[in-house]
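Taking it in order: structure first as structure tokens, then the write-up.
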Amino acid sequence: MRTSTRRSRRPGWRGTAVAGLAGLGVGEVVAAAGGTSLIDTVGRAAVDWSPRPAVERAVELFGSRDKAAIRIGVGVAAIGAASALAGLPASVRAPAVATLSAATAALALRRPPRSWATTIAAAASSAVATAVGLRRAPASVRSEVTTALVAGGALLAARALLARRHRQHRRIIEGAAQSRQTSAMPDDGAEPLPGLTPVITPIDDFYVTDVNLGAPLIDPGQWRLAVTGLVARPHQLSLTELCSQADEFDAVMVCIHNPVGGHRVGNGRWLGVPLRAVLERADPAVRATTLVTRAVDGFTASLPVQPLRSGEWSGYVAIGLNGKPLPAAHGFPARVFVPGIYGQYTGVKWLTELELVAGPHTDYWSPRGWPHAPAWITPHARIDIPANEARADRSVTIAGVAWAPPHGVGGVEVRSDDRPWQSADLACALAPSSWRRWRTTLDLAAGVHTIQARALSLSGEWQDGSMRPSFPLGASGWHAITIYVSQ
Ligand SMILES: Nc1nc2c(c(=O)[nH]1)N[C@H]1C(S)=C(S)[C@@H](COP(=O)(O)O)O[C@H]1N2
Ligand SMILES: [Mo]
């Protein structure tokens with residue numbers, strides 16, 4: 001008798017876990033109706049609060065699936081937190097749930113996209129979790145399973161709703177003013193080889209790295225780029241105005257987290273307005289030494305003004321990629337990009353403001369221990385074929401890509417084991433900041449071989465062979481693969 005009374009007060013971890021799942025499901029549906037996601041908002045907070053080594057570890061562990069991993073982590077944590085409540089006496093449980101939901105709602109209001117939809121979603125989520133979890137009578141297994149299934153269905157429905165939003169936004173983007181036709185996709189003269197990376201990275205293969213779980217969706221009609229701060233002529237630019245002044249340029253975008261031989265790098269045919277022209281129009285004061293690039297997601301990256309004004313560095317407000325407007329994931333409607341500088345320093349996606357300030361500025365990554373000054377990309381060669389641990393014939397074609405922006409690739413060398421380096425044939429360079437495809441053939445004896453490649457920049461810098469991790473200046477080392485040569 002007593003046991004059953006206690007069980008009716010404490011629903012057990014399974015009951016509260018189901019309650020957590022139900023809350024999550026309802027919260028996600030409400031948020032999706034407002035075009036956001038509660039899970040993604042909490043995930044963003046987790047990214048913001050993670051110490052640098054934890055971020056690095058996650059990137060290493062999950063690679064391009066980092067965002068999916070964070071989403072799953074948030075979901076599991078929410079359900080875990082709910083089931084932990086089962087251990088609390090009924091009198092404490094309600095205030096605990098209330099505190100948790102107030103905290104989530106506050107967090108939703110403070111994190112980008114700072115939307116009421118996520119705040120209402122947080123409230124709805126906890127109301128449902130409370131209603132389900134604080135039921136007096138213990139639920140039957142059958143009703144718990146049903147609730148769990150409905151909640152799971154709600155989570156899927158919310159994802160589908162959000163995906164629809166993204167599709168609608170893509171249609172808006174395609175109709176946007178800057179969908180200017182670019183010249184035909186370039187040809188670098190390289191012979192096609194199965195497995196060799198294309199000279200221009202298709203958008204669907206272009207890596208995506210940022211601190212958000214979902215890309216912000218910006219209405220191009222409402223959007224303006226504000227040029228502010230220490231300038232004689234503060235002004236605003238619309239997408240149409242930017243489009244009319246844009247030029248095409250080919251360049252690699254590289255994430256500082258790209259490991260040696262990794263794929264957090266893409267070569268794009270971009271469309272952009274030179275930053276120099278934008279700055280001249282604003283006429284910065286002499287004491288304006290720093291250009292702060294600001295974005296809707298609260299991310300900032302700042303660049304020194306002088307080399308951008310003198311033309312020593314060529315930077316752009318980019319609005320197009322591969323003949324199309326920038327996709328949402330890559331910063332629609334505009335981003336700042338200085339070819340040669342690593343992604344996290346080169347300027348922001350989803351740009352809203354260019355502010356000129358005197359003296360240094362603390363950017364998103366600076367309090368997390370990353371060096372303050374922009375880090376430059378060093379020469380790198382990646383071997384694409386053969387694949388690591390592949391079987392090969394005695395005469396084997398080795399091919400890949402190499403980059404050394406902003407100077408360009410002057411050479412690539414390949415060697416097997418400790419034999420002398422031999423130079424590879426280079427395809428044409430589309431532009432100094434673009435990557436260059438390369439290939440060569442090695443004649444090898446039967447057995448296991450290590451193949452390495454290294455790049456030389458046109459400024460005379462050899463790829464550094466010493467192995468260093470991404471932090472603090474980008475990874476270094478020579479890309480090496482193992483191959484098995486048969487008799
Ligand atoms: N607004 C904003 N811009 C951003 C980031 C971000 O988190 N927010 N991440 C930067 C980083 S770390 C990189 S590597 C590049 C990646 O650009 P891509 O996703 O188009 O490849 O965007 C940069 N710009
Ligand atoms: Mo990055």
Side-chain angles (χ1 to χ4, degrees), residues 40 43-48 50 52 55-56 58-60 62-64 66-67 70 111-114 173 200-218 223 225 251-259 262-272 292-303 315-322 324-355 363-366 368-371 374-377 403 405 435 469-475:
D40 289 2
R44 168 63 198 265
V47 172
D48 289 349
S50 294
R52 185 188 50 73
V55 174
E56 253 123 88
V59 169
E60 226 173 81
F62 302 116
S64 58
D66 51 356
K67 296 189 187 211
I70 296 172
R111 292 296 132 183
R114 288 200 179 79
I173 288 181
I200 293 288
T201 310
I203 283 173
D204 290 340
D205 298 339
F206 211 108
Y207 83 97
V208 173
T209 298
D210 52 71
V211 296
N212 312 292
L213 285 127
L217 304 180
I218 297 174
W223 180 86
L225 168 59
V252 281
M253 175 74 69
V254 190
C255 179
I256 201 160
H257 284 106
N258 188 44
H263 286 79
R264 272 184 198 247
V265 47
N267 194 38
R269 171 150 281 196
W270 307 86
L271 187 67
V292 185
T293 70
R294 295 185 188 281
V296 292
D297 63 346
F299 190 88
T300 63
S302 61
L303 296 157
Y316 298 87
V317 174
I319 54 171
L321 177 59
N322 297 0
K324 297 219 168 86
L326 283 180
H330 296 287
F332 179 83
R335 69 187 298 173
V336 170
F337 182 18
V338 183
I341 297 180
Y342 277 116
Q344 76 183 33
Y345 291 104
T346 202
V348 298
K349 307 197 269 191
W350 313 291
L351 177 70
T352 52
E353 186 182 353
L354 295 174
E355 188 194 4
D363 289 322
Y364 181 89
W365 286 110
S366 8
R368 291 162 175 85
W370 284 90
W376 288 84
I377 298 163
W403 59 90
W435 67 25
S470 295
F471 182 80
L473 292 170

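Predicted model, so just to flag it, every value in this text is computed and none were measured. For ligands, and for the atoms within them, numbers begin at 1 and follow the listed sequence. Side-chain atoms are counted along with the backbone in the values below, which use heavy atoms only and exclude waters and symmetry mates.
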Taking non-hydrogen atoms only, is Tyr207 closer than 4.0 angstrom to ligand 1 via side chain, backbone, both or neither? both
Would you please determine whether Gly298 falls within less than 4.0 Å of ligand 1 on a heavy-atom basis? no
Could you walk me through whether Asp363 and Ser302 pass side chain to side chain donor-acceptor pair (under 3.5 Å), step by step? CA-CA 7 Å; Asp363 289 322; Ser302 61; 2.8 Å; yes
What atoms of ligand 1 come closer than 4.0 angstrom to any heavy atom of Cys255? 14 (S)
Numbering as shown, the atoms of ligand 1 that approach Trp350 to under 4.0 Å (heavy-atom distance): 1 (N), 2 (C), 8 (N)
Begin with the C-alpha distance, continue with both residues' side-chain angles, and end with the deciding distance and a verdict on salt bridge (charged side-chain N to carboxylate O under 4.0 Å, His left out) for Lys67 and Asp210. CA-CA 9 Å; Lys67 296 189 187 211; Asp210 52 71; 2.8 Å; yes
For His330, the atoms of ligand 1 under 4.0 Å from one of its heavy atoms are 18 (P), 19 (O), 20 (O), 21 (O)
Suppose we measure from atom 12 (S) of ligand 1 to each protein heavy atom; which comes out shortest, and what is that distance? Gln344 CB, 3.4 Å
Counting each atom of ligand 1 from 1 as listed, which ones have a heavy atom of Phe206 under 4.0 Å away? 21 (O)
Ring of Phe471, cation from Arg52 - is the NZ or CZ under 6.0 Å from the centre and inside 45° of the axis? yes
Taking all heavy atoms of Pro405 and all of Val252, pick out the closest pair and write down the distance. CG-CG2, 3.6 Å
protein heavy-atom neighbour closest to atom 10 (C) of ligand 1 works out as Gly343 O, 3.7 Å
Centroid-to-centroid, Phe337 to Trp270, below 6.0 Å? yes
closest protein heavy atom to atom 22 (O) of ligand 1 is Arg335 NH2, 3.4 Å
Donor-acceptor pair, distance only, cut-off 3.5 Å: does the side chain of Trp223 make one with the backbone of Leu351? yes
Which bit of Ala295 gets closer than 4.0 Å to ligand 1, counting heavy atoms only: side chain, backbone, both or neither? side chain
One pair to check against side-chain contact (heavy atoms from CB on, under 4.5 Å): Val348 and Val296. What are the steps and the verdict? CA-CA 9 Å; Val348 298; Val296 292; over 6 Å; no
Top protein contact for atom 3 (N) of ligand 1, by heavy-atom distance: Lys349 N, 2.9 Å
Subset of ligand 1 atoms that lie under 4.0 Å from at least one heavy atom of Gly347: 24 (N)
Evaluate the ring planes of Trp435 and Trp403, with Trp represented by its six-membered ring, and classify them as parallel (under 30°), tilted (30 to 60°) or perpendicular (over 60°). tilted
Judged by heavy atoms only, the candidate from Asp210, Val336, Asp297 nearest atom 2 (C) of ligand 1 is Asp297
For Val348, take its heavy atoms, then give the atoms of ligand 1 lying under 4.0 Å from any of them. 1 (N), 3 (N)
Just need the protein heavy atom nearest to atom 16 (C) of ligand 1, so name the residue and atom and give the distance. Thr209 O, 3.5 Å
Minimum-distance protein heavy atom relative to atom 7 (O) of ligand 1: Val211 N, 2.8 Å
Under 6.0 Å between ring centres, would you say that holds for His330 and Phe206? yes
Report yes if the side chains of Asp297 and Arg44 come closer than 4.5 Å at any heavy-atom pair, otherwise no. yes
